[in-house]
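Structure first, then comments.
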Amino acid sequence: QVHLVESGGGLVQPGGSLRLSCAASGSIFSTYAMGWYRQAPGRQRESVARITSGGGTSYADSVKGRFTISKDNAKKTVYLQMNSLKAEDTAVYYCNIGDYYINYWGQGTQVTVSS
């Protein structure tokens, strides 16, 4: 049905920036929300940022003011701009798209923040 392709992960120094992209293919309904989750070694997966079909956004307290989620409906793509990166941001980041009934996940992309 829906396939998500993530890109933009990599190695960056503390204080640096990265932009993650998640392009969706398939039948994307207008009611779908989009978001980013992350999971660090030994930690549970946590929600980082979400954007609703109407464009409303929400962020985890740990990234508020540093990360920005956005989307391009025509391209069926969601982005996560990450600024002022910290070592604790190191994790595998997962794209998620869905609604109350259905959720789709990307394969994950590694983000490493280290000197």
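Residues: numbered from 1 along the sequence shown.
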Handout entry: Pairs involving residues 87-98, ordered by first then second residue, that meet salt bridge (Lys or Arg N to Asp or Glu O under 4.0 Å) (sequence neighbours left out)
Key = R38-D89, R66-D89
Exercise for the section: Determine whether V48 and Y94 fall in the same hydrophobic cluster, where Ile, Leu, Val, Met, Phe, Trp and Tyr are linked whenever their side-chain heavy atoms lie under 4.5 Å apart. Expected result: no
Exercise for the section: Decide whether L80 and V92 are clustered together by the hydrophobic rule: side chain heavy atoms of Ile, Leu, Val, Met, Phe, Trp, Tyr closer than 4.5 Å, transitively. Expected result: no
Completion exercise
Rounded to the nearest 0.5 angstrom, the NZ-OG1 distance for K71 and T52 is 6.0 Å
Handout entry: Gap between atom CD1 of I97 and atom CH2 of W36 - 0.5 Å precision
Key = 9.0 Å
With a cut-off of 3.5 Å and sequence neighbours excluded, list every side-chain donor-acceptor pair involving residues 107-115.
from	atom 1	to	atom 2	distance (Å)
Q107	NE2	E6	OE1	3.4
Q110	NE2	A91	O	3.4
Q110	NE2	T112	OG1	3.3

Handout entry: Cluster companions of L11 among Ile, Leu, Val, Met, Phe, Trp, Tyr (side-chain spacing under 4.5 Å)
Key = none
Practice task
Please go through V5's hydrophobic cluster and name the other residues, only I, L, V, M, F, W, Y counting, with side-chain heavy atoms under 4.5 Å joining them.
Solution key: none
Fill in the blank from the handout: Across all chains, not counting sequence neighbours, the side chain to side chain contact (heavy atoms under 4.5 Å, CB included) partners of S47 are Y37, R50
Exercise for the section: Determine which pairs satisfy ring-ring contact (aromatic ring centres under 6.0 Å, His included) with at least one residue from residues 66-92, sequence neighbours left out, and list them in order. Expected result: none
Side-chain polar contacts of residues 98-106 - donor-acceptor pairs under 3.5 angstrom, sequence neighbours left out - could you list them?
from	atom 1	to	atom 2	distance (Å)
D99	OD1	Y101	N	2.9
D99	OD1	I102	N	2.9
N103	OD1	N96	ND2	3.1

Practice task
Could you name each residue pair satisfying disulfide (SG to SG under 2.5 Å) that touches residues 26-75, not counting sequence neighbours?
Solution key: none
Pairs under 3.5 angstrom only: tabulate donor-acceptor contacts from the side chains of residues 17-28 to other protein residues two or more places apart or in another chain.
from	atom 1	to	atom 2	distance (Å)
S17	OG	N83	OD1	2.9
S25	OG	H3	O	3.4

Problem - Set of side-chain hydrogen bond (donor to acceptor under 3.5 Å, both in side chains) partners for S84, sequence neighbours left out - result: none
